[in-house]
Amino acid sequence: MQNRVYYRRKNQVHIQPIGAKFSVTILAFDAVPNAKLDQVHKEYRHQISLIDSSSSENKALEKKRAANEYQSKFEALLAAKNNQSHPFSNPEVADCILKQLDRHNGEWYTLEAAIVMSNHIHFLIDTSVQLPDNTLNGSLPDNYMPLNRIVGRIKGAASFEINKRLDRTGPLWSSGYYDRYIRSPSHFQQAAWYILMNAEKAGIVDEWEAYLYVRYRPGLLEEIAWTG
């Protein structure tokens, strides 16, 4: 069985391990000016290339710091006032997006955590639910849904339903999406809390649990509780 899938997006190699966990971000169509977003992404890739070519013995730690810095810049762009329409601030739109995320929960993925913000969404999924317990060798199930197709289905279904319900036209989503393959339990913990705390960190609510458009799997909080 092929357990890794490599592909290219925006001239960068990405990795989508079969049955892996992924943290995904999708933007509204006008969330961030493309030129600014491309510059931040270019700077991040440059940092990673410098780390890869260095003789440092702490490359993993340095890459983690670079990723955190990139995430901070990315969130700053999302929070900036760029004449955005913030389409997901409409309660009907936010509710529809959450329903689409939940639609294939248990079939294509386990939805670990999700949040709908005014101009972007974050979600954390585990795609191993698609794999039979004894799938160690051989071919994948014929109906296996890779991450790119999952995201495409979510975006397409949400756009159709929202435009129909609100009698609107035009784009809803930005092209593409941003994903990070979850590599370890600590990475999973960090990604989950990042999603859950998004509205609180943005100053929208005092306590993240009060935000109306955040969801998480039963039992998740016990699994990701900080121990120190």
Side-chain angles (χ1 to χ4, degrees), residues 5 7-10 14-32 34 37 74-75 78 84-132 140-182 188 191-192 194-196 198-199 202 204 211-218 220:
V5 174
Y7 68 103
R8 298 189 71 85
R9 190 169 75 240
K10 294 186 177 181
H14 287 250
I15 179 173
Q16 285 188 1
I18 300 300
K21 297 181 179 72
F22 299 96
S23 176
V24 180
T25 300
I26 315 178
L27 309 183
F29 70 95
D30 63 349
V32 178
N34 287 333
L37 192 60
F74 184 76
E75 289 294 331
L78 290 175
Q84 304 168 25
S85 60
H86 295 273
F88 308 155
S89 61
N90 183 318
E92 285 191 78
V93 173
D95 183 62
C96 183
I97 291 172
L98 286 172
K99 286 181 178 179
Q100 290 302 329
L101 285 170
D102 196 50
R103 182 179 180 184
H104 297 288
N105 185 19
E107 178 188 6
W108 296 342
Y109 50 80
T110 298
L111 183 61
E112 301 286 353
I115 191 166
V116 179
M117 302 293 283
S118 66
N119 61 359
H120 66 285
I121 70 172
H122 298 295
F123 58 91
L124 178 62
I125 59 174
D126 181 352
T127 61
S128 65
V129 70
Q130 296 188 64
L131 302 179
L140 287 171
D142 292 337
N143 59 348
Y144 183 82
M145 290 288 288
L147 181 63
N148 60 306
R149 291 181 62 193
I150 289 172
V151 173
R153 293 290 185 90
I154 291 170
K155 292 173 68 175
S159 293
F160 177 81
E161 182 64 27
I162 290 167
N163 286 345
K164 177 182 177 182
R165 185 183 300 186
L166 301 183
D167 193 27
R168 73 183 294 277
T169 58
L172 180 68
W173 305 100
S174 176
S175 63
Y177 61 95
Y178 299 86
D179 65 278
R180 293 186 69 185
Y181 153 50
I182 303 300
F188 177 81
Y194 176 83
I195 291 171
L196 296 177
N198 215 238
I204 299 172
Y211 190 62
L212 295 178
Y213 304 109
V214 63
R215 300 288 187 272
Y216 55 91
R217 173 179 56 78
L220 177 69

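FYI, side chains are in, hydrogens and waters are out, and symmetry mates aren't considered; it's all heavy atoms of this structure. Everything numeric in this text was worked out from a predicted model, so none of it was measured.
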Peer 1: Distance check, rounded to the nearest 0.5 Å: S159 atom OG versus Q100 atom CD?
Peer 2: 9.5 Å

Peer 1: Could you pull out the closest heavy-atom pair between A113 and L196, with the gap in Å?
Peer 2: CB-CD2, 4.2 Å

Peer 1: So with a 6.0 Å cut-off around CZ of R217, is the heavy-atom count from everything else above 12?
Peer 2: yes

Peer 1: R168 side chain to P171 main-chain N or O, any donor-acceptor pair under 3.5 Å?
Peer 2: yes

Peer 1: Supply the atom-to-atom distance F188 CZ to I182 CD1, rounded to the nearest 0.5 angstrom.
Peer 2: 7.5 Å

Peer 1: Of all the heavy-atom pairs spanning V129 and G106, show the shortest one and how long it is.
Peer 2: CG2-O, 3.6 Å

Peer 1: Verify, without hydrogens or angle tests, whether Y144 (side chain) and I18 (backbone) share a donor-acceptor contact under 3.5 angstrom.
Peer 2: no

Peer 1: Is the side chain of E112 donor-acceptor paired with the backbone N or O of I125 at a distance under 3.5 Å, no angle test?
Peer 2: no

Peer 1: Flag the pair W108 / P146 as yes when at least one side-chain heavy-atom distance between them is below 4.5 Å, and no otherwise.
Peer 2: no

Peer 1: Work out which heavy atom in G19 is nearest to a heavy atom in D126; give both atom names and the distance.
Peer 2: O-OD1, 3.8 Å

Peer 1: Is Y109 reaching over with its side chain to a backbone N or O of L101, donor-acceptor style, under 3.5 angstrom?
Peer 2: yes

Peer 1: Distance from L27 atom CG to L172 atom CG, nearest 0.5 Å?
Peer 2: 11.5 Å

Peer 1: Indicate the atoms forming the closest heavy-atom contact of N163 with G170, along with that distance.
Peer 2: ND2-O, 3.8 Å

Peer 1: Taking the side chain as every heavy atom from C-beta outward, state whether S23 and D179 have any atom pair closer than 4.5 Å.
Peer 2: no

Peer 1: Without swapping roles, check the side chain of K155 against the backbone of I150 for a donor-acceptor pair under 3.5 Å.
Peer 2: no

Peer 1: Just do the side-chain contact (heavy atoms from CB on, under 4.5 Å) check on Y178 and I26 with the steps written out, would you?
Peer 2: CA-CA 6 Å; Y178 299 86; I26 315 178; over 6 Å; no

Peer 1: To the nearest 0.5 Å, what is the distance between OG1 on T25 and CD1 on I121?
Peer 2: 8.5 Å

Peer 1: Which pair of non-hydrogen atoms, one from F88 and one from W173, has the smallest distance, and what is that distance?
Peer 2: CZ-CZ3, 3.4 Å

Peer 1: Grab the two heavy atoms, one from T110 and one from N105, that are nearest each other, plus how far apart they are.
Peer 2: CA-OD1, 3.4 Å

Peer 1: Does the side-chain contact (heavy atoms from CB on, under 4.5 Å) test come out yes or no for I204 and Y211, once each step is laid out?
Peer 2: CA-CA 8 Å; I204 299 172; Y211 190 62; 4.0 Å; yes

Peer 1: Does the ring centre of Y194 sit less than 6.0 Å away from the ring centre of H122?
Peer 2: yes

Peer 1: Can you tell me how far the OH atom of Y213 sits from the OG atom of S89, to the nearest 0.5 Å?
Peer 2: 9.5 Å

Peer 1: Are the side chains of L147 and Y181 in touch, meaning some heavy atoms are under 4.5 Å apart?
Peer 2: no

Peer 1: Evaluate the side-chain contact (heavy atoms from CB on, under 4.5 Å) criterion for residues I154 and I97: first the C-alpha distance (whole Å), next the side-chain angles of each, then the deciding distance (0.1 Å), finally the verdict.
Peer 2: CA-CA 8 Å; I154 291 170; I97 291 172; 5.7 Å; no

Peer 1: Taking the side chain as everything from C-beta on, heavy atoms only, tell me whether R153 gets closer than 4.5 Å to M145.
Peer 2: yes

Peer 1: Check whether any side-chain heavy atom of N198 lies under 4.5 Å from a side-chain heavy atom of M117, and answer yes or no.
Peer 2: yes

Peer 1: Within the structure provided, determine whether F123 and L111 are in side-chain contact (heavy-atom separation under 4.5 Å).
Peer 2: yes

Peer 1: In Å, rounded to the nearest 0.5 Å, how long is the span from OG of S174 to CG of N119?
Peer 2: 10.5 Å

Peer 1: Taking A20's backbone N and O only, do any of them form a donor-acceptor pair with T127's side chain (distance below 3.5 Å, no angle check)?
Peer 2: yes

Peer 1: Using the side chain to side chain contact (heavy atoms under 4.5 Å, CB included) definition, which of the options V214, L98, V93, D95 pairs with V116?
Peer 2: L98

